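For reference, the structure is listed below as structure tokens.
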Amino acid sequence: MSIGSPPRPPRRSARVIAWVALCVSTMLAASEVLAQNPLPPDRAFRFSAKLIAPRTVEARFSIAEGYYLYRDKIRFTAEPAVLSVPSLPNGAVKDDPFFGHVETYRGAVVVNLALTDAKPGQQIVIAAESQGCADLGICYPPTVQRVTIPIPEASVVPGVEEPAKKSWFD
Amino acid sequence: MFVIAGALALAAGIGLALWDRRTPDARDLLALSLPDTQGASQALSQWRGKVLLVNFWATWCGPCREEMPEFVKAQRELGPKGLQVVGIAIDQPEKVSQFATELKLNYPALIASYETMDVAKPLGDSLLGLPFTVVLDRQGNVAHTQLGPMKPAQLRTIVGKLL
């Protein structure tokens, strides 16, 4: 290519791809708006979990705007490990005419779970059960979401195996 | 060219949404036989010939409980004209019984599991959300399905046309 030649126009195939993408996205948007579909529960109450310390898993529900979770319907289990679940944070209190005192979460809920017998190199599956509703007047069935957490080898993250306690005076 | 492509895509989207709302079939729903709060099995087919309003609900579903007084009223006022409301609760029988007494429920409350709710999926409740309501005409054809509470006026209009 000689210096000073005009820039080449975008290739025809690239333009076609752009057109198709535009058409498909418009179609989906139109269909979504007409149907006014509520979010599926795993998107309304998105669960995530990560290891933040050798034996501590941070579990999080990110709750979409207009949706809420019931505090007393949240359960965590781990396989193959034992979880110690602390008491969940307080939610917004609602006086339910049938159930009385009910607590709900909006926005996000974060809980630190303690793994008591996870071994280095293991794949731990954290299962989170939850149940919630949408402000548009729909309640979802209890839903279980799972996240797999790899426990690093002891050599990678010191402290997964408890190091022997040393005194400063040794 | 952009405008034409956009319009075509929009039309296709609307078509897709309408196609998705094609008239569903209530045969699986009408074939259900479920226990009531006393444990007696009740076949939904026993109400054939009536305008049937089937409401999936649960005591743990606030929006469900809030709309139910309207169903009680509709059953009282329109029952003599041929409306039959049937509640299918995805719940424990004791809770349903307690709530039915509190509300003075005047229509059957049947008990079901989430597996039973699979019949609601092809009727438009793919997420198994509650409340979900299906209105059938006297021939058992689906006249209306709704995820989420029904507005009282809407309920009267839909059922009124079928009675």
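Please read these numbers as outputs of a predicted model, since none were measured by experiment. Each chain gets a letter, A, B and so on, in the order the sequences are listed, and its residues count up from 1.
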Identify whether [X] and [Y] are in the same connected component of the hydrophobic contact network (ILVMFWY, side-chain heavy atoms under 4.5 Å).
X        : Y        : value
A:Leu136 : B:Leu130 : yes
A:Val125 : A:Leu51  : no
A:Val110 : A:Phe45  : no
B:Leu53  : B:Leu163 : yes
A:Val147 : A:Val82  : no

How long is the span from the [atom1] atom in [X] to the [atom2] atom in [Y], to the nearest 0.5 Å?
X        : Y        : atom1 : atom2 : answer
B:Leu147 : A:Ile138 : CG    : CD1   : 3.5 Å
B:Leu127 : A:Asn37  : CG    : CG    : 7.5 Å
B:Gln98  : A:Phe98  : CD    : CZ    : 4.0 Å
A:Phe99  : B:Thr59  : CZ    : OG1   : 3.5 Å
B:Trp60  : A:Cys133 : CH2   : SG    : 7.0 Å

Note to self: Would you say that A:Pro97 contacts B:Glu102 through its side chain, given a criterion of any heavy-atom pair below 4.5 Å between the two side chains?
What the structure shows: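 No - every pair of side-chain heavy atoms lies 4.5 Å or more apart.
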Checklist line | Check: A:Cys139 and B:Cys64 side chains under 4.5 Å, non-hydrogen atoms | finding: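 The answer is no, as the side chains (C-beta and beyond) never meet within the 4.5 Å cut-off.
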Checklist line | B:Phe99 versus chain A, the contacting section by heavy-atom distance below 4.5 Å | finding: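 Answer is both: backbone and side chain atoms of B:Phe99 are under 4.5 Å from chain A.
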Note to self: If I measure from the heavy atoms of chain A, does B:Glu66 come under 4.5 Å with its side chain, its backbone, both, or neither?
What the structure shows: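 Contact with chain A is absent: no heavy atom of B:Glu66 under 4.5 Å.
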Check: For chain B, which residues from residues 62-69 of chain A have at least one heavy atom closer than 4.5 Å to it?
Finding: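 If one takes a 4.5 Å heavy-atom cut-off, no residue of residues 62-69 of chain A lies near chain B.
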